[in-house]
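Notes follow the structure.
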Amino acid sequence: MKNIRNILAKGVFMLLVSLLAMACTEKSDWGIDASYSRPFGTNEDGINVTKDEKVARVTVTWDAMPGVEYYILEISKNELTDEIPMGSEENGNLVYGNTVENRILKAPFLIDNLEAGAEYYLRIKSVANGKESYWAYLDEPFKTVTEEDVLNVPAEEDLPVASGKVRMSWEAGLTVTHFEIVGGAAPIERAITAEEAAAGEAWIEGLKIFTAYTISIYNNETLRGSQEVVVPGLEIESTVDEITANTARFSWDNTVDVDQYICQPSSAPTPDDATGAVSLSASEVNEHAVIIPNLEPSTEYTVYAFYNGAICARATFTTKKGKPVGYTEYNDVEALIADWDNLSGNILVTISADADLSNKSEIPAAVTNIVFWGEGATQPKLAVKNMQTLGAIDKIEFYNLNISALSNDCVIAPNTEGSSIANIEITSCTIENYRGIVRMRKVNGESSLKLNIDDCIIRNLGTKSTSNYYGIVQTDGAVKSVIINMMNSTFANPGGTSASLLRVDKADNSISVIKNCTFYNLVDKDALVRGAKGSLTVENVLFAGSNTFQIFYDDKTLPASLNWSKVYRTSDLTVSKPGSTSTTALSYSSSQLFPNASSSTDVLDLTFGADIPNEVKIIGDPRWNK
């Protein structure tokens, strides 16, 4: 029995020795299966690496093992094997978690400050009770982001207007040492303090407004990101003048050397940058002005000035009308007069010098449309008196003319049974020294009228100071439908007494629209509207002067529909009979707003004073905002 026990004991001992030998051969301290090498070894199948898309860093995760005290991670841009010792300098290895103060106790673990666009090998081992497991390897190397992009796009509050500075920000705590700023003059290097690096933000000052910069952030020689920044400035004053149907002159303040511009229809969105901009010649830059070519007639444009790729000025304007086609044209007024009684169809009268048609007031019945077209940059004078038709005419049009007379007459005043005018258009004209503009009395029964006045100066109406004058339009009961559009115009310095500018009180249907207009130095007891049973729209209008002005002749008879907005008055003007309307009083008197205004009726200059703020200058007729 004793022998049997001895034999069994020897057998068990030999079996254990064999198992130990096999474990050494399989590189496993405790197990037979290599995937379970030491109970606390890391499972290679559970190792994962997630790449950051903006920073050269990765997050490593692995399966936790029971009983592990800490982990050691090692990476290298060269392949790792068991034969390569940990921390091998020759292999370029980086070791994490092998010191007491940097123990890695659990997953995940962030490996930062790697090289962008680099490929790394990785291995992990675990430590417990003073023993280390064998290395577990990531099955294939991982790659960092190709280029770092750690800088944030500056927000609006990071770019204070006209301050010449920008706040750049990034993730707090990233290792960064300095900025490189390229733009304007020579590149600038600006150090980043330890406090700024920890906070993740820094102000860069001393930059030029309206200038584009490339701002790059570095860790020593390593580029960590860049941003394009345009330093904003306050937009400079600019003007568009010398406007024709196809060209316009754009000029700007000489404090900025504008180098490019974009001119496009106002309906198009504001350009994001100078893509497609027209570069200015050296002489245009020096003169601070450019002639814009190739424009379309009767089109509203917005022109943007650029300096170093940033918008530094803008202005909106409308091109002049183009000559209509399909008309019989008369370039010689004498020939027109000689042929007057034989006129028919569509007639275009081109007036390039002062002309007098006051003795030809009756337009022949065979005429369908007639246009009086002022040629040239300066408005030629045209004298007419109480024009009317002998039949039904579709349109009478005046363009780019100084329509002037010294009489108690109107420009258009049908006074013949059977006369009919459907449309009257007056564009880019000066009308002065008349009793009124349109007075329709004896006309074809149940007729209608559409009157458009745009870009005009109307002044010195009402030549008899002791009698009423008829203002802009008056119709009697035969005109059943009246549509009035008055835009971008000025009505100034009238004479006469207690007149109604728009008098359509006997029209059953009326639509009156007044927008972007200035009314200056009106006479006491003048009224804007008399009647207007239909609708009245008044928007962005300025009433200026030191008299008392009535909105409605009779504030008991008001339009059925009233649209009233952005209507202002000077501090020295009194408004009466407002009905349900209200006007906003400015803190400026007429003389303060218009320091160049003259007491002479021959001169009209309502250009706003230089000290008037821009939000006031946009009120009323835009021609005075210079």
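Residue numbers start at 1 and run along the sequence shown.
- In this pair, Trp564 and Phe543 present their aromatic rings parallel. The plane angle is below 30°, not in the 30 to 60° band.
- Counting only heavy atoms from C-beta outward, the side chains of Asn563 and Ser565 never approach each other to under 4.5 Å.
- A donor atom on one side chain and an acceptor atom on the other are found under 3.5 Å apart for Ser590 and Thr570.
- The closest donor-acceptor contact from the side chain of Gln379 to the backbone of Ser428 lies under 3.5 Å.
- Atoms CZ and CD, from Phe317 and Glu300 in turn, are 9.5 Å apart once rounded to the nearest 0.5 Å.
- Annotation for Lys566: atom NZ does not count as buried by contact number, only 12 or fewer foreign heavy atoms lying within 6.0 Å.
- Shown here is Glu615, whose CD atom has more than 12 heavy atoms of other residues, nucleotides or ligands within 6.0 Å.
- By the neighbour-count criterion of 12 heavy atoms within 6.0 Å, atom CZ of Phe549 is densely surrounded, having more than that number from other residues, nucleotides or ligands.
- With rounding to the nearest 0.5 Å, the separation of CD1 in Ile396 from CD in Gln388 is 9.5 Å.
- Residues Lys450 and Asn485 meet the side-chain proximity criterion, which asks for heavy atoms closer than 4.5 Å.
- A distance of 8.5 Å separates CZ of Arg569 from OG1 of Thr584, quoted to the nearest 0.5 Å.
- Minimum heavy-atom separation, Cys263 to Tyr261: N-CD1, 4.0 Å.
- Using a 4.5 Å heavy-atom threshold, the side chains of Ser251 and His288 count as separate.
- Residues Thr302 and Thr316 bring a donor and an acceptor atom of their side chains to less than 3.5 Å of each other.
- Within the 3.5 Å criterion, the main-chain N or O of Pro297 finds a donor-acceptor partner in the side chain of Thr299.
- For the pair Leu593 and Ile612, the minimum side-chain heavy-atom distance is below 4.5 Å.
- Other residues, nucleotides and ligands contribute at most 12 non-hydrogen atoms within 6.0 Å of the NZ atom of Lys515.
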Practice prompt. Take Thr490 and Thr518, measure what side-chain hydrogen bond (donor to acceptor under 3.5 Å, both in side chains) needs, and give me the verdict at the end.
Written response: CA-CA 5 Å; Thr490 294; Thr518 297; 4.5 Å; no

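- Between Arg623 and Ile457 the shortest side-chain heavy-atom distance falls below 4.5 Å.
- Rounding to the nearest 0.5 angstrom, the gap separating the CD1 atom in Ile347 from the OH atom in Tyr330 is 5.5 Å.
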Worksheet entry | side-chain contact (heavy atoms from CB on, under 4.5 Å) assessment of Tyr301 paired with Ile292 | CA-CA 11 Å; Tyr301 288 92; Ile292 305 172; over 6 Å; no

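- Formation of a donor-acceptor pair under 3.5 Å by the Asn516 side chain with backbone atoms of Met487 is not found in this model.
- Contact detail for Ser420 and Thr389: the closest heavy-atom pair is N-OG1, 3.4 Å.
- Under the 4.5 Å side-chain criterion, counting only non-hydrogen atoms from C-beta, Asn386 is in contact with Cys410.
- Looking at every heavy atom in both residues, Leu280 comes nearest to Glu284 through CA-OE1, 3.4 Å.
- The number of heavy-atom neighbours closer than 6.0 Å to CG of Asn342, taken from other residues, nucleotides and ligands shown, is above 12.
- Panel note: side chain Asn402, backbone Asp354; no donor-acceptor pair is recorded below 3.5 Å.
- Expressed to the nearest 0.5 Å, how far OG of Ser580 lies from CG of Leu562 amounts to 4.5 Å.
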Worksheet item: Given the rule in the side-chain contact (heavy atoms from CB on, under 4.5 Å) test, do Leu522 and Phe491 qualify, once you have shown the distances and angles that lead to the verdict?
Response: CA-CA 8 Å; Leu522 298 169; Phe491 186 97; 3.7 Å; yes

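- Looking at heavy atoms from C-beta onward, Thr430 lies out of side-chain contact with Leu604 at the 4.5 angstrom threshold.
- A pairwise comparison of heavy atoms in Phe250 and Ser238 identifies CE1-CB, 3.5 Å as the closest pair.
- Side-chain N or O atoms of Ser510 include one that pairs as donor or acceptor with a backbone N or O of Gly534 at under 3.5 Å.
- Here the rule is ring-ring contact (aromatic ring centres under 6.0 Å, His included) with Trp373, and of Phe398, Tyr327, Tyr399 only Tyr399 fits it.
- Between Phe608 and Phe594, the ring-plane angle classifies as tilted under the 30° and 60° cut-offs.
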Item to complete: Might you work through the side-chain contact (heavy atoms from CB on, under 4.5 Å) test for Val438 and Val411, ending with a clear yes or no?
Response: CA-CA 6 Å; Val438 177; Val411 178; over 6 Å; no

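- In this structure, Thr475 contributes its side chain and Val504 its backbone to no donor-acceptor pair below 3.5 Å.
- If you take CD1 on Ile412 and CD1 on Ile437, they are separated by 9.5 Å, rounding to the nearest 0.5 Å.
- Side chain of Ser571 to backbone of Tyr588: a donor-acceptor contact under 3.5 angstrom is found.
- A distance-only check finds no donor-acceptor pair linking the side chain of Asn423 to the backbone of Lys395 [under 3.5 Å].
- Asn488 and Asp454 share a donor-acceptor pair across their side chains, judged by distance under 3.5 Å alone.
- Side-chain N or O atoms of Ser361 include none that pairs as donor or acceptor with a backbone N or O of Asn359 at under 3.5 Å.
- Sorted by first then second residue, the salt bridge (charged side-chain N to carboxylate O under 4.0 Å, His left out) pairs that include residues 367-388, not counting sequence neighbours, are Lys323-Glu375.
- Side-chain N or O atoms of Asp526 include one that pairs as donor or acceptor with a backbone N or O of Val523 at under 3.5 Å.
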Discussion item. Before you tell me yes or no, could you show the steps for Val349 and Val371 under side-chain contact (heavy atoms from CB on, under 4.5 Å), namely the whole-Å CA-CA distance, both residues' side-chain angles and the distance that decides it to 0.1 Å?
Written reply: CA-CA 6 Å; Val349 186; Val371 178; over 6 Å; no

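- Looking at Leu502 and Ile514, their side chains come closer than 4.5 Å, going by heavy atoms from C-beta outward.
- The minimum heavy-atom distance between Ser298 and Lys321, with the atom names listed, is OG-CA, 3.2 Å.
- Of all heavy-atom pairs spanning Lys577 and Ile551, the tightest one is O-CB, 3.6 Å.
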